[in-house]
Amino acid sequence: MPERADFAERVLAAVEAIPAGRVMTYGDVAEYAGIRSPRSVGQVLAADGGTVPWHRVLRHDGSMAPHIRDEQRARLRAEGVRFHGQRSERVDLTAYRWDGVSTSAE
DNA sequence: ATGTTGACACCGG
DNA sequence: TCCGGTGCCAACA
């Protein structure tokens with residue numbers, strides 16, 4: 001039988017599908033990949049995220065984890081994503097969140 | 001098998 | 001808005 005699509009593979013595929021200049025939350029990626037735990041998404045990226053645009057995945061409130069905050073912010077900015085807050089701690093999800101369907105920015 | 005950890009989400013106060 | 005507890009699920013010791 002059939003292979004059991006590695007859940008990690010699906011997560012990576014979902015992240016790779018995010019268009020440049022767009023973002024998704026961990027929860028969105030989990031749903032898109034067909035799994036029920038957003039935490040598992042982070043687990044996968046922590047282990048094998050180097051091969052995908054992990055910087056396009058944010059928390060549900062537009063903030064990001066401390067150890068990757070700087071790198072992630074720099075990369076997103078380079079793609080045209082605007083931040084807000086005094087220290088640019090958050091991304092405006094309402095403007096950049098990708099629905100998983102449209103294939104181009106906006 | 002059991003317990004801990006983690007790049008999270010949701011809810012109550 | 002911020003803080004804390006709970007649910008979640010795979011990896012690891």
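Sequence lines set the chain letters: A, B, ... in the order given, protein chains first and strands last, and positions in each chain run from 1. In this text the structure is predicted, and so the values were computed from the model without any measurement.
In this structure, the nucleotide among C:dA10, B:dA7, C:dC8 sitting nearest to the side chain of A:His67 is B:dA7. The side chain of A:Thr25 lies closest to B:dA9, out of C:dA10, B:dA9, C:dC9.
Listed pair A:Arg56 / B:dA7 fails the phosphate criterion, with no side-chain N or O lying under 4.0 Å from OP1 or OP2.
If you take CZ of A:Arg10 and P of C:dA10, they are 11 Å apart, rounded to a whole angstrom. Spacing between atom CZ of A:Arg36 and atom P of C:dC8 amounts to 11 Å, rounded to whole angstrom units. Rounded to whole Å, the distance from OH on A:Tyr26 to P on C:dG7 is 23 Å. Rounded to an integer number of Å, the gap from A:Asp61 CG to C:dC2 C1' is 12 Å. Spacing between atom CG of A:Leu45 and atom P of C:dA11 amounts to 13 Å, rounded to whole angstrom units. Between A:Glu31 atom CD and C:dC9 atom C1' the separation is 16 Å, expressed in whole Å. Protein atom CZ of A:Arg73 is 18 Å distant from nucleotide atom P of B:dA7, rounded to whole Å. The nearest whole Å value for the distance from the CG atom in A:Leu76 to the C1' atom in B:dA7 is 13 Å.
Put simply, CG on A:Leu58 and OH on A:Tyr26 are 7.0 Å apart, with the number rounded to the nearest 0.5 Å.
The shortest distance between side-chain heavy atoms of A:Val57 and A:Asp28 does not fall below 4.5 Å. Between A:Trp54 and A:Gln72 there is a side-chain heavy-atom pair separated by less than 4.5 Å.
Nearest-nucleotide positions on DNA chain C place A:Arg90 closer to the 5' end than the other of A:Ile35 and A:Arg90. Between A:Ser37 and A:Gly27, it is A:Ser37 whose nearest contact on DNA chain B lies nearer the 5' terminus.
With hydrogens and angles ignored, a donor-acceptor pair under 3.5 angstrom links the side chain of A:Gln43 to the base of C:dA10.
Few gaps surround CD on A:Glu79; more than 12 heavy atoms of other groups in view lie less than 6.0 Å from it.
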Salt bridge (Lys or Arg N to Asp or Glu O under 4.0 Å), that's the test. Do A:Arg75 and A:Glu71 meet it? Break it down for me.
CA-CA 6 Å; A:Arg75 291 190 180 218; A:Glu71 177 76 19; 2.7 Å; yes
